[in-house]
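Read through the structure below, which is laid out as structure tokens, and then see the notes.
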Amino acid sequence: MKAQPKASHFIAGEWIEDTSGAVLDSIHPATGEVIARLHEATPDIMSRALSAAQQAQPAWAALAPVERGRILHRAAMILRARNHDLSVLETLDTGKPLQETLVADAASGADAFEYYAGFAPTVTGQTIALGGDMAYTLREALGVCVGIGAWNYPIQIACWKAAPALAFGNAVVFKPSDVTPLSALALAEILHEAGLPAGLFNVVQGRGAVGAGLITDPRVAKVSLTGSVPTGRKVYAAAAEGMRAVTMELGGKSPLIIFDDADLENAVSAAIMANFYSAGQVCSNGTRVFVHQDIKAAFLDRLAARTNRIRLGDPLDEATQMGPLVSDAQMHKVLGHIAGGIDAGARLVCGGARHGTSGCFVQPTVFADVRDDMALAREEIFGPVMSVLDFTDEADVVARANATEYGLAAGVFTRDLARAHRVAGAVQAGIVWVNAYNLTPVEMPFGGVKASGVGRENGHAALEHYTRVKSVYLGLGDVDAPY
Ligand code: NDP
């Protein structure tokens, strides 16, 4: 299986190779096979990408928004038409099962382009009456935006950043995770084919140092990162030096609270989706599942029965429900968390080990009787490991849910309408799902509070983060001067 792109980088509408950059191999984690060999961007490659973006951006921002939208809409159509090939590519690069990538990755990216293509022409400013004089506001593009991606949803992350950035008149230089470098290049080619002028969406490859090199360049106006909290702290600090705008989509340890009046089967479905989709490698996962003591036994019975039926295997087989983790390193990290949970005295309900002897597979794992102070309940694991905790009292469970530095998402399952709204209001999270979990339509803003992030992607909210406001004051009378 090979998925070798035409070159490592895509700059100013062209494939660019520079083999003097360090080697970067893309590995299919189900087999360990090297599917593509690329090279990291050298400082010269990074500079070429930034210059291309800087040169192309003013003319793009000067186009009528409906013209920009037309091109982005075409890109959405091509993404959909090529969904199968893009899904296979994403499955090879990430190991996520085709069953998921066919519906969740390029498809979600297409939604973002479609949404922002339509949104761009509707953007307006304000007119402000000042009692004689008046003012109006303009929404301006920021300029060159750097996007840095994580490895769990590579094309979706690239699209969620590129679609609003481009729609509102910016240019983008995107660096995918070195673990999953391929689909961003496919996106660049599609945007080019859709008619996006050269230089507006550039892809450069590299590890963290390449990302770090991009952020501090004076040509850059904004940095949007999807990644872990420790990386977020570094990127935010580096961006602050140049007063650059940021969007930070970072990690989480989100609570999913299941009350005793919840529909049990739906609650079990949500807990499974909130922990095992993409083999648990989802930032907004509800990894602390608080279950009311009165329904705990019934909940765990159904959960174990259904978890034990999850089909692991070749991610390219559409019948496979869970693939490997993204890399050997990630598998060993997750297995370390599982061993730590067993040592700390949490009760293993199912799973708990590597699946098979080859490939980066980990069994879907459920721990019960997890306490708030255990590492299982405090640290982001980013693998198929669910922690079930008990509670009896609403105020108490909300306080425990909030006792974390993270604040990305939360879920609540109850049939009590007042309680649902009360808990949604009280949890410290950027997103709350009521009787649902992990649904992320492009229409809905997405992002975290506390250490989980700054800014929002998707929805109308992204406008705030890819444009700036200019105020224009119109003096309509004589100039009043006391001198
Ligand atoms: P990392 O934080 O390790 O990396 C994220 C990206 O930042 C990678 O492209 C990485 O490069 C790059 N990077 C690393 N160091 C620097 C630096 N100093 N300056 C600039 N860029 C740098 O995250 P992972 O890739 O391991 O992804 C998993 C994490 O992402 C999880 O914590 C998860 O919760 C979070 N995430 C958050 C989401 C959200 O929307 N809130 C969505 C998805 C994931 P490289 O890795 O190539 O070296």
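Counting convention: from 1, in listed order, for ligands and their atoms alike. Please read all numbers here as calculations on a predicted model, not as lab measurements.
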Can you pull out the closest protein heavy atom to atom 24 (P) of ligand 1? Residue, atom name and distance to 0.1 Å, please.
-> W151 NE1, 3.4 Å
Will you find, in the side chains of S224 and W160, an N or O donor that is under 3.5 Å from an N or O acceptor?
-> no
Is ligand 1 less than 4.0 angstrom away from at least one heavy atom of Y153?
-> no
Looking at CG of L98 and CG of D317, how far apart are the two atoms once the value is rounded to the nearest 0.5 Å?
-> 9.0 Å
Does ligand 1 have any atom sitting under 4.0 Å from a heavy atom of G206?
-> yes
One finds that the ligand 1 atoms under 4.0 Å from a non-hydrogen atom of L408 are 41 (N)
Protein heavy atom at shortest distance from atom 12 (C) of ligand 1 | I148 CG2, 3.6 Å
Return the option from G149, G227, G211, A150 holding the heavy atom at the smallest distance from atom 8 (C) of ligand 1.
-> G149
For I215, atoms of ligand 1 separated by under 4.0 Å from a heavy atom | 19 (N), 20 (C)
Proximal candidate to atom 19 (N) of ligand 1 [heavy atom criterion; set P176, A212, S452, G251] = A212
R456 bridged to E464 by N-O distance under 4.0 Å | no
For the pair F382 and W151, name the ring-plane relationship: parallel under 30°, tilted 30 to 60°, perpendicular over 60°.
-> perpendicular
Can you tell me if T101 and T91 form a side-chain donor-acceptor pair at under 3.5 Å?
-> yes
Value for CE (M273) from OG (S278), rounded to nearest 0.5 Å, stands at 9.0 Å
Nearest-contact summary for atom 23 (O) of ligand 1 - protein heavy atom, Å | S228 N, 3.5 Å
Any N or O on G208 sitting closer than 3.5 Å to an N or O of ligand 1?
-> yes
If you look at every heavy atom in G251 and S452, which pair is closest and at what distance?
-> O-OG, 2.7 Å
When you look for heavy atoms under 4.0 Å from ligand 1, do you find them on the side chain of V179, its backbone, both, or neither?
-> neither
For atom 4 (O) of ligand 1, the closest protein heavy atom turns out to be T231 OG1, 4.2 Å
Walk me through it: do N435 and N266 pass the test side chain to side chain contact (heavy atoms under 4.5 Å, CB included)?
-> CA-CA 8 Å; N435 295 332; N266 280 331; over 6 Å; no
Pick, from K175, E40, Q205, the option with the minimum heavy-atom distance to atom 10 (C) of ligand 1.
-> K175
Going by the 4.0 angstrom heavy-atom rule, the piece of V229 near ligand 1 is neither
Can you list the ligand 1 atoms lying under 4.0 Å from a non-hydrogen atom of L225?
-> 6 (C), 7 (O)
Among protein heavy atoms, which sits nearest to atom 47 (O) of ligand 1, and what does the distance come to when rounded to 0.1 Å?
-> D178 OD1, 2.4 Å
Minimum-distance protein heavy atom relative to atom 41 (N) of ligand 1 | L250 O, 2.6 Å
Classify the angle between the aromatic ring planes of F168 and Y116 as parallel (below 30°), tilted (30 to 60°) or perpendicular (above 60°).
-> perpendicular
Compare every heavy atom of A53 with every heavy atom of V173, then report the nearest pair and how far apart it is.
-> CG2-CB, 4.0 Å
Return yes when atom NE2 of H192 has more than 12 non-hydrogen atoms of other residues, nucleotides or ligands closer than 6.0 Å, and no otherwise.
-> no
Where is the nearest protein heavy atom to atom 28 (C) of ligand 1: which residue, which atom, and how far?
-> F382 CE2, 3.7 Å
At what distance is the nearest protein heavy atom to atom 42 (C) of ligand 1, and which residue and atom is it?
-> C283 SG, 2.8 Å
Going by the order shown, which atoms of ligand 1 are within less than 4.0 Å of some heavy atom of N152?
-> 43 (C), 44 (C)
Would you mind telling me which of K175, Q205, H9 makes a side chain to side chain contact (heavy atoms under 4.5 Å, CB included) with P181?
-> Q205
Contact region, E380 to ligand 1, non-hydrogen atoms below 4.0 Å, reads side chain
Contact atoms of ligand 1, heavy-atom distance to F446 under 4.0 Å = 40 (O)
With heavy atoms and a 4.0 Å threshold, my read on which part of L214 contacts ligand 1 is neither
Please determine, by modelled atom types, if D93 and T180 share a side-chain donor-acceptor pair under 3.5 angstrom.
-> no
Thinking salt bridges, do E193 and R82 make one under a 4.0 Å N-O criterion?
-> yes
